[in-house]
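Reminder, nothing fancy here: chain letters follow the sequence lines and each chain counts from 1.
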Protein chains: 2
Amino acid sequence: MALGINGNGSQYLRVGDLARLTGKTVRAIHLYEELGLLEPATRSSGGFRLYHPAAVDRVRWIDLLSGLGISLHETRDVLDRWWKSDHGPEAMAELRELFNTKLEETRENIRRQQELERELVDGLAYLETCRVCGEPGTVDCCVHCTQDHGVGREPALVAGFKGTRDGARRTPRPALVHVEEHRSD
Amino acid sequence: MALGINGNGSQYLRVGDLARLTGKTVRAIHLYEELGLLEPATRSSGGFRLYHPAAVDRVRWIDLLSGLGISLHETRDVLDRWWKSDHGPEAMAELRELFNTKLEETRENIRRQQELERELVDGLAYLETCRVCGEPGTVDCCVHCTQDHGVGREPALVAGFKGTRDGARRTPRPALVHVEEHRSD
DNA sequence: CCATACCCTTACGCAAGGGTGAGAGTTCAA
DNA sequence: TTGAACTCTCACCCTTGCGTAAGGGTATGG
């Protein structure tokens, strides 16, 4: 005899229903409430949280923001400022400011990630050249590898591997140095 | 009469020296040791950590990686695998794999951040149109704003603000609907 | 020999976003 | 009326990269 979504004939959702409909856990929804992001529309006589169906959209919106790297606290702060402002244009201005700040942050993040991308690509290119190094045997040989890898310099990401746990070079460059001297001779 | 860097005439650095030279804190260096990223070359008779000067490079490398979004644990894992591998090409292959994984992750991050960038730009464009909305008075008016903002649809980031704490629309759209009907009349 | 700067270990705290109980009460259908 | 499924409120656990003591020992110049 299910009339409502959860078969209780109510227009309201219980946390479990809200959780299922949004793909979040009950705990997560409780957390959103603790943080002031979402409140139940009312409570049942027994104390159960009862949510307005539109709460689904709210939860999805929260999820969207956090998925995009905006923290729950940030989201709450901006919601609070929005709610407590009674002057429309003023609130809109605050929102604009927030978005602008976030935009700068985001662009900075993109820059850094692209830098990492370049480093990784360079590192991979370098490692590709190791493949044609033949069969150097042990990692020690790689560590002391003095071959020209066709890449100008050892990429910073790769260079860090060349040391022991105490930061020193694995050995004080034993015989292989002579090999190089032979070569450059 | 200082002979060494720290005036103790030793070839070694103490943790404070290493910290100063790398711009990290002593605590951070201790942490790197706890995580197995870096060990002192030896200890003084009194128990002070003594580092090889090359440890500076190691710390800078760790800093580079973490600054680029690679966690200390990840760094340690890859270092461990590198160290325990005794076959060069094999270790290089693992490294390539790691870099490839990281590269995919990074590109995914860039995609998401760019998505956020677009959302923010759209949101800002939308909010700009609010500026010419005149003086709507309270936020309630903005919430019920039915004006065509020139942007196709309300950006998702902005839409989330249109609700009360329980997720419902601020009011069940009271008189303003009629106003709109007047308009579109 | 002493002052001062430095270092040791141990261990708790923060922020973020929940996970995972425990122990008790509520709803709902059979 | 009962049993299953659900929910309630604490409240502590986890990760990551350190910060910040607390309580004590070490190194070194004067």
Atom-pair distance ([atom1] on [X]; [atom2] on [N]), nearest Å:
X	N	atom1	atom2	value
A/Arg14	C/dT27	CZ	P	8 Å
A/Asp17	D/dA5	CG	P	16 Å
A/Glu33	C/dG17	CD	P	17 Å
B/Glu34	C/dC8	CD	P	12 Å
A/Leu50	D/dC6	CG	P	16 Å
B/Tyr12	D/dT26	OH	C1'	19 Å
B/Asp63	D/dG17	CG	P	12 Å
B/Ile29	C/dT9	CD1	C1'	17 Å

Query raised in the report: Is B/Glu108 salt-bridged to B/Arg111, cutoff N-O under 4.0 Å?
Result: yes
Query raised in the report: Does A/Arg27 pair with A/Glu33 as a salt bridge, N-O distance under 4.0 Å?
Result: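 Between A/Glu33 and A/Arg27 there is no salt bridge, as every charged N stays at least 4.0 Å from the carboxylate O atoms.
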Requested in this report: Pick base, sugar-phosphate or nothing for A/Ser66, based on heavy-atom distances below 4.0 Å to the nucleic acid.
Outcome: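 Answer is nothing: A/Ser66 stays at 4.0 Å or more from every strand.
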Requested in this report: With DNA chain D as reference, determine whether B/Val26 or B/Ser44 sits nearer its 5' end, using the nearest nucleotide of each.
Outcome: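 First, find each residue's nearest nucleotide; the 5'-ward one identifies B/Val26.
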Query - Contacting residues from residues 100-108 of chain A, given that a heavy atom lies under 4.0 angstrom of DNA chain D - result: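 Listed by number, there are none.
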Under-4.0 Å side-chain N/O to phosphate OP1/OP2 contact, [X] with [N]:
X	N	value
B/His30	C/dC7	no
A/Arg49	D/dC8	yes
B/Arg20	C/dA5	no
A/Thr25	C/dG18	no
A/Tyr32	C/dG18	yes
A/Arg43	D/dT9	yes

Query raised in the report: Are A/Thr75 and A/Trp61 side-chain neighbours, meaning at least one heavy-atom pair lies under 4.5 Å?
Result: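 Of all side-chain heavy-atom pairs linking A/Trp61 with A/Thr75, at least one is under 4.5 Å.
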Query raised in the report: Can you check whether B/Leu18 reaches B/Leu38 side chain to side chain, under 4.5 Å on heavy atoms?
Result: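 The answer is yes; the side chains approach within 4.5 Å.
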Provide the closest heavy-atom pair for [X] versus [Y] in the form atom of the first, atom of the second, distance.
X	Y	answer
B/Ala55	A/Asp166	CB-O, 3.9 Å
A/Leu13	A/His52	CD1-O, 4.3 Å
B/Leu72	B/Ser66	CD2-CB, 4.3 Å
A/Tyr51	A/Arg14	CD1-C, 4.2 Å
B/Ala19	B/Val26	CB-N, 4.0 Å
A/Leu116	B/Leu68	CD2-O, 2.9 Å

Query - Pairwise 5' ranking along DNA chain C for A/Ser45 and A/Leu35, keeping only the more 5' one - result: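 Residue closer to the 5' terminus by nearest nucleotide: A/Leu35.
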Requested in this report: Map A/Gly47 and A/Lys24 onto DNA chain C by nearest heavy atom, then report which one ends up closer to the 5' terminus.
Outcome: A/Lys24
Requested in this report: Mind jotting down which residue pairs meet the salt bridge (charged side-chain N to carboxylate O under 4.0 Å, His left out) criterion with at least one end in residues 57-75 of chain B? Sequence neighbours excluded, please.
Outcome: B/Lys24-B/Asp63, B/Glu74-B/Lys102
Nucleotide of [options] approaching [X] most closely (side-chain heavy atoms):
X	options	answer
A/Leu31	C/dT20, C/dC6, C/dG17	C/dG17
B/Phe48	D/dA11, D/dA27, C/dT9	D/dA27
A/Val15	C/dG17, D/dG17, D/dT7	D/dT7

Requested in this report: Using a cut-off of strictly less than 4.0 Å between a heavy atom of the residue and any atom of DNA chain C, enumerate the qualifying residues of residues 69-76 of chain A by number.
Outcome: A/Ser71, A/Leu72, A/His73
